[in-house]
Structures are given as structure tokens and as C-alpha cells.
There are 2 protein chains.
Amino acid sequence: MATIKDVARKAGVSTATVSAVMNDTAFVSPELRARVVTAIRELRYEPSQAARNLRRNRSQLIALAVADLSNPFYARIVWSAEAAVAAWGYSLVLFNSDEKPDTERRILSRIRTLGCDGMVLVPVGAANQYQSHEFEGIATVLLGRSIEGNSADTVTIDNHAAGRQAVDYLLDLGHRRIGSVTGPMQLSTSKGRLDGMIDAMAARGLAPQPGHVRSGEFREEAAYSVARDMMGSPDRPTAIYVANGVMAIGVMRAIADLGLRCPQDVSIASTDTVAGAGGLKPRLTRTEHPIADMTNEALRLLVDRIEERGAEPVRNIIFQPALIVGESCMPLRGDAG
Amino acid sequence: MATIKDVARKAGVSTATVSAVMNDTAFVSPELRARVVTAIRELRYEPSQAARNLRRNRSQLIALAVADLSNPFYARIVWSAEAAVAAWGYSLVLFNSDEKPDTERRILSRIRTLGCDGMVLVPVGAANQYQSHEFEGIATVLLGRSIEGNSADTVTIDNHAAGRQAVDYLLDLGHRRIGSVTGPMQLSTSKGRLDGMIDAMAARGLAPQPGHVRSGEFREEAAYSVARDMMGSPDRPTAIYVANGVMAIGVMRAIADLGLRCPQDVSIASTDTVAGAGGLKPRLTRTEHPIADMTNEALRLLVDRIEERGAEPVRNIIFQPALIVGESCMPLRGDAG
DNA sequence: AGACTTTAGCGAAACGATTAGCTATCGGGG
DNA sequence: CCCCGATAGCTAATCGTTTCGCTAAAGTCT
């Protein structure tokens, strides 16, 4: 691998001049420039990123740490993020914290030693688990979830509105006994969506029955088992609001295995869905978030922070959900309960 | 950010000693070691990866370039790869060539300048598009697809067996007029699967009708439109072999939109499926590949190449598919065609 | 013509680690 | 008593860039 010195020697100039040519950073006479350019080509010289990084104190790396790579929601984020990062001239280093705070801690430290210029983080775990030095000196944008008391920029979704919209829809169909399968309560997303549901019902003088609100990990299996349990009892809800796409799959499977039909026996509305499920029956009624837009926005904020050293105020961007009607809900039959 | 010099000064030792402590690379007396360790902790010193990279000529980065991040098949690979890479002590840099050879070319150059220690590549495009210097000096494993004439290690699947197994299953159910929706013919995967289908039929003295073999991009939309076209004609096949998971979704949607039912009117068998679709109806009958095992194996080979400088012979590992029976196929009715 | 500016390019000092080679100390064997 | 080997740690070179500050040479102004 040729170095800048080889090029300089071959072109009969100093390394400073080669560097100037490479980076267009100073005026170089056409004659010298030509000699340098041919030397570069002949030696197939490519500057060492390592040396450049050391000198410039930059790595051109942006880290993305998501909560669960097996979840299509995050796979979608990864997809968008890769494109956005490349468009900004960086490369994407990907991490999966797998919803484990310990893993996340290791990831944060790794991101730091790698010298990433910035990171987009989908935080896992409660606010008090983070230490401020974990974020020091590295541009950060929190995506999807926020950390209370943290001063990083955030791009989140309006979880309350998502829960409220979905449940309002079920209420409009006449459902009164509505249950929910939702994620861990320490996450702002689960909490917000459930609060939205509760407020939607409260606005009509209703409240979910205690046994009709179940939470578990944001995973298909967890949803399957709580749904199976909840729907096995005789006073089961006539409709379910599921807080997450993969959980919705689990709930539908549980219902099918109990011999119930969706939507005839149980209506299901969710927030978020899984990509590819659009082709299968029944199509889920759900609220969706503009994942690509959110991710692009997160990277815009991040690159902004990286490249302007300016201490702009913290920015919190909240995206609104949209209700997408599928075939997984029906009006409640006459014998309403 | 504290440097090794700060630590050395604070502990009253030389930088060499600090380095020795950090890397356990030479014997240091317990007393000095203790002083160094506390200095490290107090200054919150973390070695600069950039400096280390420059000196060691290593980056601890492994690149993964997949063909299409929007495809759950590759999302699954990314998931596995992240875990494997982390387990080997590296970090994963992710690229999406989006099935575009030009994009892939840029990615290869980027991987090179980043100084990645190795790369796992799902190649896009035909063998003659690659230049040998694009692979020079960087450990490479080809995953899923191979490049004829290339001397990199490969981890692939037995595409021929996959096509053959799936179509044998359809034949066993009595189907004779079997069609196929498959990917671009220049890809070894599409070609192999279709050859497997043709051989399966040939073994029973059959051959697919010309209009019953359609190829298009490995995308849902492409599959939807060719399937719609193919299934619209009166002599449509009674069963379809679909070469890819997302295409299978497209085909099912096309069939539903034509007012046909699966499996009653058309049986569908595929190679590969989409994650999450397991919960929805009807469950696809398909051949599956052990994606996690394949990815792990690819990284094992890669790390092997990176860490042993030895010139072992080229290794080509081929994984076998397994048939998974769902509910998307039925025996052909009496009026067989 | 002398005194400044500007320009084009060079030399060498960073950046922050690793590591080869050296020195000083100590103990033990001949 | 001298020499040798082992031990513990230091000095300084090195990795490949970027960039600050300098020097001639050439141009501009009085």
C-alpha cells in the first residue's frame, strides 16, 4: 500500500503538497498538481483513514444502537439509517443492545473507543441507569425513546396520540370491553401508548378492566402467552389494542390457536406493524409512524451537531402517528358487553 | 480526553509502562501497576482507537455489505452478523448495495479506505464486473452468492436442492402444471433454484410451460405484477414455486386480488420466507436455510483469515435447505391438468 | 530602487498509541 | 571479585497524515 511519502517522492514534491492536492486545501500550480495526480494514479495511492483519523480527530463513523434487531421495526430503521448515513458521507456502525441495559453499556463504551463522530441511540432501560459521562464529547440523538433528564436531541413519536387514535377507533366501532397487550412499563413508549388508551376510554367514561391490561417484553412470544392467558377467560375483551407490531403477530397467533377468529370474534388494532405482513390476511388496523422520515431527521440533527461545533439548544422532534385501517376490526355485535 | 501521556505523567511512569499495563504485554511490578491503574481510572483514560489503528495497522472493523436491506432475509443476516462480529471482538460496519453494482463498487472502495480488517459480501451483479484489486489485501468472505472465478472463501446455500425439494413436494401432491416466479437470471441463486425446479420436473418427464416461468427483481412489487399477469390467463398453473420470501408475499397478494384462494385454488411453495409471517394465514410451505448458522460460519471463516496470516486453501461451504410444511399447498383436485 | 505583499511550496511538528532496543539494578555462579 | 543473565522500566522511533510557520521568488507601491 503506497503512502503519501511514496507519492511525494515519485512526483518530486513534498508531502504537504500531495496533501494539498488530495484535499484541495491550498493553491497548487497546475504543473505540480498534474505531476502529483499522475503519481497518485500510478501508485494507486489511497490515503490511510487511520492516519487521517488520528490527525483530524474524526472517524467518519456514525454509530446506530438499536434495541432489538430481530424486530422489523428496527430493521426498518437500520435500512433508512444506512442510506442516510451514506448520503451524508459517513459509514454506519451497527449495534444491537437486545433490550439489555448491560449490553447497551458495553456498546456505549465501544462507540467511544471507536471514536465514532456521533451516535443515534434507541435507549434501553430506565433513565437513572445512565451516567452523564457516557454521553460526554460525542454527538448524540435519541431515537424513538427518550431518557428523562438527558440533554441530547431526541426524535420520538407521539405515543399518547398513537394509543388514543387506535383505541378511539375501536370505541367508535362500539367496543367497550377493550384490552391491551403492551410492552414493559419502564419504557416511555409503552407507558405513553397505554396512557393514550386510558385517556381515550376515560373520555367516554370508561376504563379498562384490571385483568385486561397485560404487559411483557416487546416480543412475539411474550405477546402470545399473555394474550392466550387473557383471552382464555370468559369475560375476555371484545377488542385488543396491541402496542407493537411483533406483539400483534403474537396476539393474532394466540387468538387463532384459541379457536377465535379475527375480526369476527375479536378486533385487533395495534401501533406499528411488521413489514411484509401487508400481503397476508387479515391486514392489521394500526397506527403507523413515518419511520424513514424519523430516521432521516435524526441523522440530520446528528450531522448538524457533528459538523457545527455551535451549542444550539436541545431539539426534541415529535412525529405524529397515522391510522391505517385494515381488516382486523369489526363493529361490535348487538349483544354488546 | 486524557491521553497515554497524561496517565504516564500522573502515575510517574513512562508511556511504555502504561501501554504495557493496558495490554498486559510485559511484566510490570505490582506497585507500578497499581499506580498506573488508579491513574487510568481517575483520568477516565480510554486509549485512542485511531492511534492504535495507525500503529497496529488494524481497525477492529468488519464490513458487511448486503444486497437489499429492505428484504427481511438480509435483515436476518444483519441481526446474526452483528452478534457474531461483537462476539469476536470486532464492530460491524453495515452497507446496503441495494442490488446496484455501481453502489457496490463505491462500497468496496469505502470499505478499503476505512481500513476494515475484513468484509462479508453478498455480491450483486455479474462476475465480470469485479476487478481483482477490489479484493486485494482485505480478507473477504462471499455470503449467499458466489462470484465465478473469484478466489474468496464462500458460504452459500444449495439452491438447486432448494428448488428441487420444493417442487418435488408440489409434484408429490399431484400438481403437474407448476409455474415459477423467480429472481434475476444473472444471479446464481435464481438460476440454481430454477434449475432445481426444472430437474425435479424432468425427473418425472415434465417441463414447465414457457409462459409459466417468470423472473423479476427480488422484490414484492415485481413478484406481484408478474404473478398477476401469469395467473390471469386461463391455462394458469395449479401451483407456483416462488424463489424468495418477499416475492412469495407479492404472489399471495396477487392471487388474493385475482379472487383466487390459496391453497384451494393455487398452491404456493417457496424458498425462504419473511420473518413474522409465521403468525399469519396461510402459513407458507417453503424451504428454509439456517441463516444464523450460515452467518456465523461466514464470520468464523473471516476472522480466521484475518487473524491467521496463513494462506489456507480457499474454502467453499454449502448449506442444505430444509422443507417446512405450512398450509399454502393442497393436493391437486381430481380434474388434474 | 527599496520596502512591503502575495504566492507556491517546503520542512517539520504534531496526533496518540506501540514497541524495539537500551540501561540500570540485583543476585548468583565461577 | 568479576561477569552474566534476568528483571523492570525508560527513551525514542515509528505508523501516515495534516497543518503551522517559514522561505524564497515574484509582484506592487511609493
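Naming: A, B, ... by sequence-line order, numbering from 1 per chain.
Counting only distance, with no hydrogens or angles, the side chain of B:Asp117 and the backbone of B:Ile62 share no donor-acceptor pair below 3.5 Å.
Contact annotation: the side chain of B:Arg58 approaches that of B:Ile306 to within less than 4.5 Å [non-hydrogen atoms, C-beta and beyond].
Residues A:Arg52 and A:Ser48 bring no donor and acceptor atom of their side chains to less than 3.5 Å of each other.
For A:Asp102 and A:Lys100, the salt-bridge test fails: no basic side-chain N is under 4.0 Å from an acidic carboxylate O. For A:Arg44 and A:Asp6, the salt-bridge test fails: no basic side-chain N is under 4.0 Å from an acidic carboxylate O. One finds a salt bridge joining B:Asp24 and B:Arg33 here, because a Lys/Arg side-chain nitrogen approaches an Asp/Glu carboxylate oxygen to under 4.0 Å.
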Nucleic acid footprint by protein, nucleotides 16-27 of chain D - heavy-atom cut-off 4.0 Å, B for base, S for sugar-phosphate alone: BBBB--------
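Going from atom CZ of A:Arg105 over to atom OG of A:Ser97 covers 11.5 Å, rounded to the nearest 0.5 Å.
Using a 4.0 Å cutoff to heavy atoms of chain B, the contacted part of DNA chain C runs 5' to 3' from C:dG16 to C:dT19.
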